[in-house]
Every structure is written in structure tokens, then in C-alpha cells.
Amino acid sequence: MSLAPLALFLISATAVAYFIGYLRAFKIAKPLGGVRNLAALPTYYASMVSLWALIPGLIVLALWVALDGAVIESLVKASLPEEAKYLPADKLGLVLNQVALVAQGLGDISILGLEYQAAVERQMRLTQLSRDALPLLVGSIAIISLLIGLRSVTAAHNARYSVERLFNIALFLCSCIAILTTVGIVFSVMFESWQFFQLVPLSEFLFGTHWSPQIAIRADQAGASGSFGVLPLIVGTLLISAIALLIAVPVGLLSAIYLSEYASARVRNVVKPALEILAGVPTVVYGFFAALTVAPAIREVGDAARAWGAENGVVWLANLNVSSESALAAGMVMGIMIIPFVSSLSDDVINAVPQSLRDGSYGLGATQSETIKKVIFPAALPGIVGGILLAASRAIGETMIVVMAAGLAANLTVNPLEAVTTVTVQIVTLLVGDQEFDSAKTLAAFALGLFLFLITLALNIVALRVVKKYREQYE
Amino acid sequence: MTERFQTVGNPLLEDPKMRVRNASVFYADKQAIFDVDLDIGKNQVISMIGPSGCGKSTFLRCLNRMNDTIDICRVEGQLELDGQDINDRKIDVVELRARVGMVFQKPNPFPKSIYENVAYGARIHGLTDNKVQLDDLVEQCLQRCGLWKEVKDRLHEPATGLSGGQQQRLCIARAIAVNPEVILMDEPCSALDPIATATVEELIHELSQNFTICIVTHSMQQAARVSERTAYFHLGKLIEVNDTSKVFTNPEHQLTEEYITGRIG
């Protein structure tokens with residue numbers, strides 16, 4: 001079934017309707033003494049008529065396309081031979097599929113058996129009917145509603161009102177899409193998580209200290225009991241995020257202060273975009289930078305330190321063990337990645353501090369650094385904290401760098417030189433590869449996703465509140 | 001070069017607190033102030049009046065180098081405080097601004113407590129050695145600005161919660177806490193209602209016993225009420241300087257007369 005000609009028809013009907021509506025508005029305006037005597041401008045009447053031509057037809061078309069398969073299927077079901085009617089649902093679905101295929105000429109009746117002939121014929125007939133009836137129906141509805149629209153082109157009817165209300169509704173629907181998508185995602189994740197918590201108790205998930213999501217595929221398989229304690233992942237995530245923030249906050253904040261308070265316009269115009277380029281580097285590039293450059297470098301330094309420690313009898317150095325995939329490497333690179341978030345947001349809030357406060361401070365004989373430390377920074381602090389929290393939720397949700405640089409070993413440790421893993425990395429590994437979709441292993445990914453979502457949601461809410469409070473301060 | 005404009009009246013004084021000679025200010029290439037000569041007398045109030053954009057605020061900001069904060073602004077000429085050149089790049093602007101304080105058009109208390117606002121200057125200049133001295137200083141400054149009774153029970157609440165008039169008096173208290181010699185006021189009452197204005201004017205009058213005050217104002221009545229001398233600026237030129245009573249009753253220059261009678265402005 002081809003929808004393109006029908007869509008083209010609707011579009012041209014809309015265009016024609018606009019034109020007719022426009023002319024019609026002028027025609028009824030003429031005896032009244034001009035356009036000024038109409039309740040709305042001619043373009044509004046034209047828009048109204050064209051919307052009448054478009055929308056009812058479009059709604060019918062959409063409903064038809066969405067429902068005709070189901071309607072045909074239920075009608076065909078009635079023509080199936082007696083024994084097929086008592087098949088279980090999945091088998092029945094298969095049979096109906098085959099009927100549809102045969103009807104389309106993609107298979108031979110022999111795969112079903114001759115007793116299905118009636119059903120196949122019915123399927124063919126109904127499909128043909130649907131194909132023929134749709135353009136007729138949509139076309140006549142479009143034309144009828146166009147005529148209805150034309151009838152409401154009267155001097156007294158305010159077309160602007162109708163058109164604007166319709167646009168209002170359209171805008172509202174658009175804004176709903178984002179919200180509904182979010183709600184849908186949350187609900188699907190919640191549903192799968194609920195299934196997971198049927199298999200693994202919530203307390204084990206939240207407070208378990210061991211993460212090893214191997215589930216026995218066969219009953220006799222050894223060494224794959226599976227344990228789902230999320231603590232090592234949380235600690236790993238927090239460790240890496242903390243390292244990232246430890247790097248990004250001072251660097252980002254100080255560069256923001258430099259850029260907004262000290263730098264000349266020329267330096268600022270070069271440095272600020274350059275800093276923001278950092279935000280444009282794909283995270284996968286940061287990832288291999290972390291995995292191939294930073295992590296080996298850290299390891300080499302660690303090895304050298306150990307050798308030196310062994311030689312000179314410094315015991316703690318001699319026992320130093322640096323993993324080739326370390327939290328430090330991932331955290332450092334992630335820190336570099338989120339510098340622009342911190343610096344750009346801080347720069348904005350520092351610039352938002354009114355010049356009058358700077359003047360007030362300078363006017364009392366304060367130096368630039370006193371002014372920054374004692375007036376500007378405290379005034380901008382809530383906004384800066386908001387920016388840092390946003391950067392933190394970005395760090396917690398970041399995946400690519402940690403996948404490549406932090407490793408998969410779910411160690412419960414706060415030693416930055418060891419390999420750790422994070423929530424996001426585990427989600428990736430759980431869902432990569434062939435898995436049954438109702439096993440605890442796969443479902444665990446959704447539980448982790450929900451968990452992560454709740455953490456970043458909480459962080460974002462706090463951040464937005466803080467930022468909002470800050471805004472009110474000067475308004 | 002056009003011929004140098006000659007200010008009428010008495011711009012010069014014996015033994016002034018501040019001495020300005022040949023001051024010109026440029027914003028990039030545009031000249032905003034043209035060769036101003038003016039002396040500012042010790043413990044006197046001088047007001048600067050003139051139509052919008054005449055350069056009176058720009059001139060005021062030269063007196064404590066606040067124009068430094070504007071990148072494209074350049075000040076030329078000789079500006080002296082007690083005989084010391086203050087337009088010299090080498091002098092310490094921090095010390096200068098401690099001696100020449102400033103109060104701005106819009107009340108701009110810091111987003112801190114009332115107490116911290118007044119204590120700010122004392123802290124950055126190390127004027128007190130301990131908490132008791134600092135408490136005393138804060139109380140004394142608030143007393144002088146007539147604010148003590150109104151705020152003594154809420155010293156540690158945010159200053160931004162005060163009314164506009166209270167905020168402006170707080171800003172004056174904050175300025176005198178540094179114990180400056182000169183106080184520059186840039187339209188200090190233009191954001192205030194008439195009652196708050198009257199309070200601030202009274203305060204200016206009292207402060208003039210100990211401080212030299214330069215006030216820029218749009219209100220001729222205010223200039224007449226608070227100042228001893230008045231300087232009239234027009235398009236970046238200092239037109240006339242005279243005793244306030246003379247400027248408002250018997251101006252020498254035609255432009256001054258037109259301004260005070262409301263024909264330009």
C-alpha cells in the first residue's frame with residue numbers, strides 16, 4: 001500500500017484550500033466595504049480553511065494505517081478452519097502471519113494446507129478493499145471538511161481565534177512528546193527493574209558487596225551462581241567521578257575566574273572558544289586517549305616508583321601496585337572532559353554578578369583579588385555549585401571513557417590505582433552479547449539504569465534548585 | 001585644536017583638598033571631558049550638575065581612578081590629592097580609593113549581612129585589630145548614618161533585605177567605615193523616594209563637617225540644598241563654577257542660566 005500519492009493529495013488539497021479560503025474572504029468582504037469589516041485578516045480565513053482540509057483527513061489516514069492490520073486480522077481469524085481456532089496465542093499468531101504472507105504471494109498455500117484457502121482468500125479480499133477504500137475515504141473526508149471550513153468563512157466568525165487555538169494545541173502536543181518519551185522510558189525501565197527485583201531481592205542489590213552477574217545458562221554449569229551487589233559499582237563510579245571533579249573543579253573554576261575577571265578581551269576571545277572545543281571532542285576519543293596514553297603512563301610511573309622504593313627500602317612504595325587499567329586514568333581524562341562544563345557555567349554566573357558590586361568593592365579600595373574572593377565568588381557561589389553538580393551528574397553518567405580505561409573488574413576499593421568498574425560500564429557489558437531477555441543478568445542492566453537515573457535526577461534537581469535560588473538573588 | 005574653553009566663575013581655591021588641571025577623558029577616540037580645571041575645597045560639599053551625558057559622572061570617576069575599570073577609557077591631565085598626583089600610573093589605586101571613597105547611583109550592598117557590609121572595608125584595610133574594635137567601628141558608622149536604631153537587631157541578616165533608602169545609607173556607612181578623606185557620590189538619591197532622599201541629604205550635610213564631598217546630581221534642588229559650591233558641566237566642558245547660591249540666583253554663563261531655568265536638560 002503506497003501512502004505517498006495520498007499524502008501528496010492531502011498537501012495539495014491544503015494548498016488549494018488556502019487559496020480558496022483567501023479568495024473567499026475577499027469575496028465576502030467586498031459587499032461589506034473591505035477587509036476591515038471582517039472579524040479576522042484574510043490570511044487567517046485561508047489558514048483556517050486549509051487546516052480544515054488537512055486535519056480531519058490526516059486523522060482518518062493515521063487511524064486507518066494504525067488499525068487496518070488489526071481489523072483485517074480479526075476478520076480473517078473468523079475464516080480459519082475449526083482446529084486452528086483453538087491454537088495457543090503464539091501459534092495462532094504464526095498461522096495468521098503465514099496466511100498474510102501467502103495472501104501477498106510470498107508463499108505457497110501448501111505450507112498451510114488447503115483447508116486454509118478460505119482464510120487466505122478473505123485476507124486477499126480485505127487487503128484489496130482496504131487499499132481501494134482508503135484513498136476514497138480520506139479524499140472525500142478532506143473535501144467535505146474543506147467545504148465545512150469554507151462555510152465558516154463569514155464576516156462574523158473570527159478565524160484568527162480558531163487558528164491560534166489550533167496552533168496552541170499543536171505547540172502543546174509537541175512539548176508533550178519529550179515529556180511522554182521520558183515518562184515512557186522511566187516506566188519501561190521501572191517495569192524491567194521490577195522484574196529483576198522479583199529474582200534478586202532489593203536488599204541484596206543495594207547492600208551486596210559482590211558483583212558478578214554470571215548466571216548459569218545450563219543447570220549443571222559450574223561457577224556461575226551470580227551475585228548482584230551494586231556497592232562495588234557505586235563506589236567505583238563515585239571514585240572515578242570524584243577524581244574527575246578533583247581535576248575539573250579547580251581547573252575549570254580558576255580558568256573561569258581568569259577569563260571573566262583578568263583576561264583582556266583579546267585573550268578571552270581566543271581562550272574561551274578553545275576551552276569549549278574540549279566539550280566537542282567525542283568521548284570515544286577521550287576514551288582511547290585514556291586507555292592508550294594516560295593509563296600506561298600512570299602505570300610506568302608506578303613501576304618506576306616501586307623499583308625505586310625497593311632499592312631504597314621504602315616499604316609502602318615497594319609494595320605499590322598500579323593496575324594497567326586504573327580509576328586514576330579514567331578519572332583524570334574524564335576530569336579534562338568536564339572542564340568546559342565547569343568553566344563555561346562558572347564563567348556565566350561570574351559574569352552575571354552585577355558590575356555595581358565590583359564597583360562598590362573597588363570604590364572601597366579593595367584589590368582585584370579581594371574583590372573576587374570576598375564579593376564576586378560568594379555572590380556567584382550558588383550558581384557555581386549548580387554548575388559543578390551538573391558536571392558531576394555528567395561524570396556519573398559518562399560511559400565511553402570508563403568502558404575503555406577503567407576496566408571491568410568490580411573491585412570494592414577506593415584505591416585510585418586499582419582497576420574499578422562503574423554502573424554505566426556494567427550496563428554496557430550486561431547488554432552486549434547474546435542473552436536471554438528474562439534472565440537476571442540482562443534485567444540487572446535495567447535495575448542499574450534505574451539506579452543511575454535516580455542518582456543523576458536527584459543531582460540535577462538539587463543543581464537546578466540551587467541555580468534558581470541564585471537567579472532570584474539579583475532579580 | 002579648537003581654542004581652549006574658559007570656565008567662568010571661581011573654579012580655583014586657596015589650599016584645596018583636590019586640584020584638577022587640564023583633565024581630559026577619552027573613551028577610545030571619543031573625548032568625553034575637555035580640559036577641566038577645578039579645585040575641590042577641604043570639608044566642603046561641591047555638586048556637579050548638568051544635562052545627561054555631559055560628563056559629570058565621568059569626571060567624578062576620575063577622582064578615584066574608577067575609570068581604570070573601563071578598558072577603553074583614558075584620563076589625561078593633572079589630578080592631585082593633597083598635592084600628590086593621583087593620575088600617575090605608579091601610585092597605588094588601592095590606597096587612593098581608601099582615601100577617596102565612593103557611593104554609587106544604585107544602592108549596591110554586597111550580598112552579605114548588614115554587619116559584613118560595613119566591616120568589609122575595615123577588614124580589607126586592616127583597620128581594626130580585634131572583634132571588639134570592629135564591632136565598635138560598625139556601630140559607629142551605622143550610628144553616623146542614622147541606621148543603627150533601624151538595624152541593630154538584625155545586623156546579621158542580609159543587607160539586600162533593607163529598603164532602598166536604608167541600602168543607600170548602608171553604602172554610605174560602608175564608605176565612611178574606611179575613614180576616607182573625600183567621598184564621591186554619583187547621584188546617590190536618584191533611586192530613592194523623597195523621604196529617603198531627605199534622610200540622605202541630611203546625612204550628607206552632617207558628613208560635610210568631617211569629609212570633603214563631591215556629589216553628582218540631576219536634581220538642582222538637591223544641589224541647592226546640600227552643596228556650598230556648584231559646578232555646571234555641558235557637553236564635557238566645565239562651564240561655570242561658583243558658590244551654590246550664586247549659581248542658582250545669578251548665574252554668570254548663559255548656558256548655566258538656561259539649564260537652571262529648565263530650558264536645556
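Proteins come first, then strands; the chains are lettered A, B, ... in the order of their sequence lines, and each starts at number 1.
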Open item on the list: Would you say that more than 12 heavy atoms from the other residues, nucleotides or ligands in this model lie under 6.0 Å from the CD of B:Glu157, or not?
Closed with: yes

Task: Test item: B:Lys112 side-chain N/O and A:Lys374 main-chain N/O as donor-acceptor pair under 3.5 Å - done: yes

Open item on the list: For B:Asp29, is the CG atom crowded, meaning more than 12 foreign heavy atoms sit under 6.0 Å from it?
Closed with: no

Open item on the list: Need one label for B:Phe110: side chain, backbone, both or neither, based on atoms under 4.5 Å from any heavy atom in chain A.
Closed with: both

TODO: Nearest 0.5 Å please: distance from the CD atom of A:Gln368 over to the CG atom of B:Asp68.
DONE: 11.0 Å

Task: A:Tyr262 atom OH, neighbour heavy-atom count above 12 within 6.0 Å - done: yes

Task: Identified side-chain contact (heavy atoms from CB on, under 4.5 Å) partner of A:Tyr362 from the options B:Asn64, B:Val93, B:Thr69 - done: B:Thr69

Open item on the list: For B:Pro109, which atoms come within 4.5 Å of any heavy atom of chain A: side chain, backbone, both, or neither?
Closed with: backbone

Open item on the list: Quick check on B:Phe211: does its CZ atom have over 12 non-hydrogen neighbours (other residues, nucleotides or ligands) under 6.0 Å away?
Closed with: yes

Open item on the list: Can you tell me which of B:Val94, B:Asp71, B:Leu96 forms the most heavy-atom pairs within a distance under 4.5 Å of chain A?
Closed with: B:Val94

Task: Interface moiety of B:Val100 toward chain A, non-hydrogen atoms closer than 4.5 Å - done: backbone

Open item on the list: Within this structure, what is the NZ-CG distance for the pair B:Lys106 and A:Asp359, rounded to the nearest 0.5 Å?
Closed with: 11.5 Å

Open item on the list: Could you report the tightest heavy-atom contact between B:Phe104 and A:Gly360, atom names first, then the distance?
Closed with: CE1-CA, 3.5 Å

- [ ] For atom CG of B:Asp92, decide whether the heavy atoms of other residues, nucleotides or ligands shown that lie under 6.0 angstrom number more than 12.
- [x] yes

- [ ] Please check if atom NZ in B:Lys131 has more than 12 non-hydrogen atoms from other residues, nucleotides or ligands closer than 6.0 Å.
- [x] yes

- [ ] Could you please state which residues from residues 174-188 of chain B sit under 4.5 angstrom from chain A, measuring non-hydrogen atom to non-hydrogen atom, sorted by number, or 'none'?
- [x] B:Arg174, B:Ala175, B:Val178

Task: Donor-acceptor under 3.5 Å (B:His125 side chain, A:Leu364 main chain) - done: yes

Open item on the list: Given heavy-atom pairs under 4.5 angstrom as the criterion, report whether the side chain, backbone, both or neither of A:Ser361 touches chain B.
Closed with: both

